[in-house]
Novice: 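Structure in structure tokens, see below.
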There are 2 protein chains.
Amino acid sequence: MGLAVDDLTEMLKGTLEGCVLEIISREETYGYAITRRLNDLGFTDVIDGTVYTILLRLERNQLVQVTKRPSEVGPPRKFYALTDAGRQNLATFWTKWRYVSSRIDKLKEGDA
Amino acid sequence: MGLAVDDLTEMLKGTLEGCVLEIISREETYGYAITRRLNDLGFTDVIDGTVYTILLRLERNQLVQVTKRPSEVGPPRKFYALTDAGRQNLATFWTKWRYVSSRIDKLKEGDA
DNA sequence: TACCGGTACACGGTATCACCGAGTACCGGT
DNA sequence: ACCGGTACTCGGTGATACCGTGTACCGGTA
């Protein structure tokens, strides 16, 4: 299960934001839940502060649209949904990911 | 061929150093050749200045051993070989890579 | 011999990113 | 009244790839 490799922070640079976009694309959701989702996915060390900085950046860059809604179990939540620019950005993220990961895998295989 | 997705720089953070280590592990080589190798692998925008900073960092962290040798076609070359610490570091790099890339792929697949 | 392009490395500064720490605030249960 | 869980904000840090410029070696050519 966990077994969690420690200190993935450098390797997550440039990809964590894309993961957050992907999560939002699936379903309108909010910061706290996104952090939990990432932790469940295996990124156990990703902390809420990191996710919120990403969300603020996404909002500033107009890749997401924000709707504040009250919660029954705590303070109000900010729900995020992708804008057209956000969907475009997510698409190019996956294109880049396919490109980079395939090249790295090829280097690992040795046949390159 | 290239088709090259532009501006992969953020996504390469945390992985480019590992790629350099892998290249060195295959064969004792030098900075200029490593840059060419990376370009051939598809990382067309990686420039020599970037590679040299990585090499200096590897040397400072004692992950590589350096041997200066004269060249017949230009100035002397600094040949790099992995130390034991370098081999160890490379192994954990690939472990991290397998871990991270599999989680991201799983997120993309949707079954997570 | 003077120049030029290819080879080869060094170094100061920049932007971006994930992370850290501390703070604010809402809510229910004991 | 307190405490733990929920939920978000913000200034600052460290690491990394990148950029620009500089230095220097070498062979070929006009």
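Chain letters run A, B, ... following the sequence lines, proteins first and then strands; every chain starts at 1.
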Novice: Select from Thr53(B) and Ala33(B) the residue whose nearest nucleotide in DNA chain C is closer to the 5' end of that strand.
Specialist: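 First, find each residue's nearest nucleotide; the 5'-ward one identifies Ala33(B).
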Novice: Considering only dC8(D), dC9(C), dA18(C), which nucleotide approaches the side chain of Lys78(B) most closely?
Specialist: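 When the side chain of Lys78(B) is considered, dC9(C) is the closest of dC8(D), dC9(C), dA18(C).
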Novice: Could you state the atom-to-atom distance from CD of Glu72(A) to P of dC27(C) in whole Å?
Specialist: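 Going from CD in Glu72(A) over to P in dC27(C) covers 11 Å.
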Novice: Taking N and O atoms by type only, does the side chain of Lys13(A) place a donor or acceptor under 3.5 Å from a partner on the base of dA17(D)?
Specialist: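 No, the side chain and the base share no sub-3.5 Å donor-acceptor pair.
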Novice: Given dT6(D), dA7(D), dA8(C), identify the nucleotide with an atom nearest to the side chain of Ser71(A).
Specialist: dA7(D)
Novice: Looking at the side chain of Leu12(A), which of dT7(C), dA7(D), dC19(C) is the nearest nucleotide?
Specialist: dC19(C)
Novice: Heavy atoms from C-beta onward define the side chain here; which of dC10(D), dC8(D), dC19(C) lies closest to that of Thr50(A)?
Specialist: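 Selected nucleotide: dC19(C).
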Novice: Would you indicate what Arg69(B) reaches in the nucleic acid, counting non-hydrogen atoms under 4.0 angstrom: base, sugar-phosphate, or nothing?
Specialist: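 No contact at all - Arg69(B) keeps every heavy atom at 4.0 Å or more from the nucleic acid.
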Novice: Give a yes or no on whether Gln88(B) atom CD has more than 12 heavy-atom contacts from other residues, nucleotides or ligands under 6.0 Å away.
Specialist: no
Novice: So which nucleotide from dC19(C), dT7(C), dT9(D) ends up closest to the side chain of Tyr52(A)?
Specialist: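 Closest of the options to the side chain of Tyr52(A): dT9(D).
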Novice: Rounded to whole angstrom units, what separation is found between the CE atom of Met11(A) and the C1' atom of dC17(C)?
Specialist: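 Whole-Å distance recorded here is 15 Å.
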Novice: Starting from Leu41(B), can I reach Val100(A) by hopping between I/L/V/M/F/W/Y residues whose side chains sit under 4.5 Å apart?
Specialist: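 Same cluster.
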Novice: Check the pair Arg37(B), Glu27(B) against salt bridge (charged side-chain N to carboxylate O under 4.0 Å, His left out), reporting the backbone distance first and the verdict last.
Specialist: CA-CA 12 Å; Arg37(B) 186 89 184 79; Glu27(B) 171 187 33; over 6 Å; no
Novice: Which whole-number value in Å describes the distance from Asp6(B) CG to dC18(D) C1'?
Specialist: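 Atom-to-atom, Asp6(B) to dC18(D), this comes out as 15 Å.
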Novice: Starting at CG of Leu58(B) and ending at C1' of dT16(D), how long is that distance when rounded to a whole Å?
Specialist: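 Taking CG of Leu58(B) and C1' of dT16(D), I get 12 Å after rounding.
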Novice: Rounded to the Å, how far apart are Ile47(A) CD1 and dT13(D) P?
Specialist: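 Result: 19 Å.
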Novice: Ignoring hydrogens and geometry, is there a side-chain-to-backbone donor-acceptor pair from Ser71(A) to Arg77(A) under 3.5 Å?
Specialist: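 Here the side-chain-to-backbone pair does not exist.
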Novice: Between dA18(C), dA25(C), dA10(C), which one does the side chain of Pro75(A) approach most closely?
Specialist: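 So the side chain of Pro75(A) is nearest to dA25(C).
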Novice: So if I take every side-chain heavy atom of Glu10(B) and compare against dC8(D), dT16(C), dT7(C), which nucleotide ends up nearest?
Specialist: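 Comparing dC8(D), dT16(C), dT7(C) against the side chain of Glu10(B), the answer is dT16(C).
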Novice: When both hydrogen-bonding distances must be under 3.5 Å and the geometry is Watson-Crick or G-U wobble, what is dG27(D) paired with, if anything?
Specialist: dC4(C)
